[in-house]
Amino acid sequence: MNKIKVLPPEVYMRIAAGEVVERPSNVVKELIENSIDALSTEITIEIVSSGRKLIRITDNGSGMTKEDLLLAVKPHTTSKIEKFEDIYNLSTLGFRGEALASIANVSKLTIVSKIGQEPVGHQIVVHGGEVISIKECSSNKGTTVEVKDLFYNTPARLKFLKSGYTEKIHVVRIIEEYAIVYPDISFKFYSDNDLVFSTEATSNLIHRLKDVIKKDVINNLIYFEHKQDKFFVYGFITPIEFSQVNKSLQMFYVNKRPVTSRILSQVLYDVYRDALPTGRHPVGIIFINLPYEFVDVNVHPTKRVVKFKDEDYIYETLKSLIKKVIKDYYTKQQRTDTD
Ligand code: ADP
Ligand code: MG
């Protein structure tokens, strides 16, 4: 039943290394990814003091055995890849086997987990990377990860945190990003015990977007899609009038992974350039699905930066697609205006 293995050095040496836990939202991101990879359908996120005091994520996913728990908090341990080449055919968000270990090192971590078939679950407690205890406990199927006193043993990192307000904004952003690309998962988010955000599972992307995005923008989204062989891109833009004061409505996804992408954002600015008032930013929610071997996710440890094998193709295809969508929209507008 155990699924987690230690990666051999020749594998982990080739995986993008570096610190991924710099602020509470990084922890939330890694834990949400783990819950999604465990095929959860319900994920609850709770934070106290913007995540400095407590981050708790509860899921109803596949869970872990006692042996899995003991391995999961160690470095280079994962159930998602076995050999390096597996990252070219990756259907999970995680693969580095580093997140739980990194989080365990800088917090007081408790994980309670139970796999479906077992009568009882297990609880592991790890403080500053050291396993304090592991014992049986009653639990629902799935996993609860509780991260207390983040950076309690690394004051330098604690000092780098921004105000509670800013850290909370980052957490909210992460949850929204995943909520949009996984509408079939129900997300709940509590901050200091107040329910901030709750979404029902839905198969309808627009329903989910309504939970996350401002109403005036929602009502003016223009859908587009394009399919060519195994390349499928779809998403939403808005007419230029609905450009924003910041980039918060530029959201890019590659194979269901939220990413930052210079290429994709460049497409938007290049399409809207002439008409965009200074200080305004285009809206673009873009989902790209393409065969795993056409995109490298092993560029940066946070996995937020991906590298397309053929960047020019992506840029040109999207640019002409979005240009056409915008042009068609305004032509139609003109027609209805003159009718
Ligand atoms: P990675 O996700 O890169 O494999 P992590 O350190 O994030 O590395 O997690 C280590 C392993 O622990 C995962 O591969 C997975 O098998 C297991 N795991 C972590 N979180 C969960 C969870 N919420 N439910 C089930 N298994 C989990
Ligand atoms: Mg992970």
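Numbering of ligands and ligand atoms starts at 1, following listing order. As the structure is a prediction and not an experimental result, all values here were calculated from the model.
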Do I15 and I81 have side chains that approach each other closer than 4.5 Å (heavy atoms only, starting at C-beta)?
yes

Give the residue and atom name of whichever protein heavy atom lies nearest to atom 16 (O) of ligand 1, and the separation in Å to one decimal.
S79 OG, 2.6 Å

Closest by any non-hydrogen atom to atom 21 (C) of ligand 1: pick that one out of R96, K74, E98, M64.
M64

Enumerate the atoms of ligand 1 whose separation from the nearest heavy atom of G94 is less than 4.0 angstrom.
2 (O), 3 (O)

Give the atom numbers and elements of ligand 1 that come within less than 4.0 Å of a heavy atom of A72.
12 (O)

Do any N/O atoms on D37 end up under 3.5 angstrom from N/O atoms on ligand 1?
no

Can you tell me which portion of L100 lies within the under-4.0 Å heavy-atom range of ligand 1? Options are side chain, backbone, both, or neither.
both

Quick test: of every protein heavy atom, which one is nearest to atom 20 (N) of ligand 1, and how far off is it to 0.1 Å?
N34 CB, 3.2 Å

Would you mind running through ligand 1 and noting each atom that sits below 4.0 Å from a heavy atom of K3?
16 (O), 25 (C), 26 (N)

Please state which protein non-hydrogen atom is closest to atom 2 (O) of ligand 1 and give its distance, to 0.1 Å?
K80 NZ, 2.7 Å

Looking only at the aromatic ring of each residue, does the gap between the centers of F187 and F189 stay below 6.0 angstrom?
no

Aromatic ring pairing Y253/F287, orientation class (parallel under 30°, perpendicular over 60°, tilted between):
parallel

Can you label the angle between the Y178 ring and the Y182 ring as parallel, tilted or perpendicular, going by 30° and 60°?
parallel

Could you report the tightest heavy-atom contact between T336 and Q333, atom names first, then the distance?
OG1-O, 2.8 Å

Is A38 touching ligand 1 with its side chain, its backbone, both, or neither, if touching means heavy atoms under 4.0 Å apart?
side chain

Give the ring-plane orientation class for Y313 versus F231, where under 30° counts as parallel, over 60° as perpendicular and anything between as tilted.
perpendicular

When you check the gap from the basic side-chain N to the acidic O, do K332 and D328 get nearer than 4.0 Å?
no

Which residue supplies the protein heavy atom nearest to atom 8 (O) of ligand 1, what is that atom called, and how far is it?
G97 CA, 3.2 Å

Flag I4 as yes when one of its N or O atoms lies below 3.5 Å from any N or O atom of ligand 1, and as no otherwise.
no

Closest to atom 23 (N) of ligand 1 among protein heavy atoms sits D59 OD2, 2.9 Å

Taking atom types as modelled, find out whether N246 and S248 have a side-chain donor-acceptor pair closer than 3.5 angstrom.
yes

From the Mg ion (ligand 2) out to just under 2.8 Å, does an N/O/S atom of T78 turn up?
no

Taking only Lys NZ, Arg NE, NH1 and NH2, and the carboxylate oxygens of Asp or Glu, determine whether R280 and E241 approach each other closer than 4.0 Å.
no

Please determine if K162 and E167 form a salt bridge, counting it only when a charged side-chain N lies under 4.0 Å from a carboxylate O.
no

Can we say E33 and K29 salt-bridge, meaning some charged N sits less than 4.0 Å from an Asp/Glu carboxylate O?
yes

Below a 4.0 angstrom heavy-atom separation, can you tell me which part of T77, side chain or backbone, both or neither, approaches ligand 1?
backbone

Short version for T78: what comes under 4.0 Å of ligand 1, heavy atoms counted, is both

With the threshold set at under 4.0 angstrom, would you say G61 reaches ligand 1 through any of its heavy atoms?
no

